[in-house]
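Below is one structure; the comments refer to it alone.
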Amino acid sequence: MEDYKQIVIIGGGITGLSTAYYLQKQIQAHKLPYTVRLVEASYRLGGMIHTEQKNGFTIERGPDSLLARKESVFRLIQDVGLEEELVSVSTGKSYVHAREKLHEIPHGSYMGIPTQVSPFLFSSLFSPAGKLKAAGDFMKKKSTSKDDQSLGEFFRYRLGDEVVENLIEPLLSGIYSGDIDNLSLMATFPNFYRLEQEHGSIVKGLKKTVPKRKKSDKKPSVFKTLRSGLSSLVHAVEEQLEDGTVRLNTAVDHIEKKDDGYHLLLDNGEVLKADSLVVTTPHYRAQRMLSQYDFLNPLRDMPATSVANVALAFDQSAIEKDIDGSGFLVSRNSDYRITACTWTHKKWPHTTPEGKALMRAYVGKPDDQDVVSKTDEEIVDIVWNDLNKIMKLNHKPEFSVVTRWRNSRAQYTVGHKERMEHITHHLREQLPGVFLAGASYNGLGVPDCIDQGETAVEQVLEYLQH
Ligand code: FAD
């Protein structure tokens, strides 16, 4: 074992796990003299992926939907033998709550942007003036070319405030849990900028590039999940790792570069040596481990928002006024504190026993972060009151599960890509063999994290082989 090089992965969320898994596959296939260790601070693997089974319900505390067009996650699912467990979303209507009522999301919208004109024209979600403003996208000049701008600035210029606030903002802040007037266009949806620059209009650009679908066509399944919850992917990957790879309940506090490689100071005082490192923790933790390097300070200054969600389990009979659909988003102009609610029993019927209902509601708007620090009872009350204004629930839930994700949602603010390029450049120069991957850096969906894990594998192998 003496000549073996040691690769250490810090963090056992899906990024760290996929890195470890694909590294060991390469090491085995090419009989490479490397060992892999994964160090995880908490008592369990999975990070934000966390499924709970309770009274016959499958409750996701974190992610529940895998974007069907992103390949890496389905490749991983296949590689670990879970393909049979895939379930497609039960398609249904989705709504936005705005101006005191629910409005169906217009057919043919892509991330809130119209790809067909007539569903928008007839939608009750926008006023005539709002629709007229949105039509400006066809006439307006391209925005002057910029390195970056906020999502809000870009979409407000093209489609007007109303379409942004009643549709685009609730959809995008649902994904990023942030303020679209601060989030970077180029780090989130650079394709919209390209469409505008190439076609002079994002609506025209989308019409040309998104396949047309009639209202009567069966909706393709946009999302998939795993029958027993996404934690089953975590367990299946863990099972494939060689014995002794994972070390739980161990945090890395500090990293020093020495002549014989990197020395990782663990929270129990022990020192772990590594020849190459993949840091997959949130950005502010990565910065703290390497706080002697000023070039990482932008990670310290990068904001992260907190969210909480509440899963509420009911008997079906509790729902007096049901809604035909799989959930709704809430416009930022409304005075509701919930930001979205999924009717999980309709979106994913396999999660809920017969005769029961399961809903999951979110709180934690960028300007309502304090809500996450309230007690479970207070958060449930807030959710209960808001839901009751919309759908009449005649008795309290059988049980509820509250989950807080503090500082979990990294905010890719304007200039994020440039800052990351600067950091990557300095890492290469000053800390060769150290790589950053995960939700804080280059995409925060589960598939994006797996992509980053795969890239990290290539980087580590290239570094160690040269
Ligand atoms: P994490 O899961 O955060 O893992 C990082 C790990 O590092 C953690 O386990 C942590 O304990 C560990 N760690 C931290 N510090 C240290 C240290 N010092 N030493 C050792 N270990 C350390 N994505 C989707 O694609 N679809 C969805 O439907 C979706 N919904 C979401 C809903 C919610 C409520 C949330 C919170 C996220 C959602 N996401 C969704 C996003 C997605 O789940 C995450 O971006 C992704 O799981 C992050 O994985 P990661 O491995 O990069 O980070």
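When a ligand or atom number is given, it counts from 1 through the structure's own listing order.
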Please report, to 0.1 Å, the donor-acceptor pairs under 3.5 Å made by any side chain of residues 433-448, with sequence neighbours excluded.
unit_1, atom_1, unit_2, atom_2, d
S440, OG, H283, N, 3.0
S440, OG, H283, ND1, 2.7
Y441, OH, T281, O, 3.1
D448, OD1, K70, NZ, 2.8
D448, OD2, G445, N, 2.9

Got a sec, which residues hit side chain to side chain contact (heavy atoms under 4.5 Å, CB included) with R337, two or more places apart in sequence or on another chain? D368, V371, K374, I382, D386
Please list, chain by chain and in numerical order, all residues satisfying side chain to side chain contact (heavy atoms under 4.5 Å, CB included) with D381, sequence neighbours excluded. K396
Could you walk me through whether T455 and E458 pass the side chain to side chain donor-acceptor pair (under 3.5 Å) test, one step at a time? CA-CA 5 Å; T455 304; E458 285 168 22; 5.4 Å; no
Taking side chain as C-beta onward, heavy atoms only, is N182 less than 4.5 Å from S150? no
Taking the side chain from R332 and the backbone from D335, do they hold a donor-acceptor pair closer than 3.5 Å?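 Between the backbone of D335 and the side chain of R332 there is no qualifying donor-acceptor contact (under 3.5 Å).
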Inventory of protein N or O atoms under 3.5 Å from ligand 1 N or O:
unit_1, atom_1, unit_2, atom_2, d
ligand 1, 2 (O), M48, N, 2.9
ligand 1, 9 (O), E40, OE1, 2.7
ligand 1, 9 (O), E40, OE2, 3.1
ligand 1, 11 (O), E40, OE2, 2.6
ligand 1, 18 (N), V252, O, 3.0
ligand 1, 19 (N), V252, N, 3.0
ligand 1, 21 (N), A41, N, 3.1
ligand 1, 25 (O), V446, N, 2.8
ligand 1, 26 (N), S65, O, 2.7
ligand 1, 28 (O), D64, N, 3.3
ligand 1, 28 (O), S65, N, 3.2
ligand 1, 28 (O), S65, O, 3.4
ligand 1, 45 (O), L444, O, 2.5
ligand 1, 51 (O), I14, N, 3.1
ligand 1, 51 (O), T15, N, 3.0
ligand 1, 51 (O), T15, OG1, 3.1
ligand 1, 52 (O), T15, OG1, 2.7
ligand 1, 52 (O), A439, N, 3.0

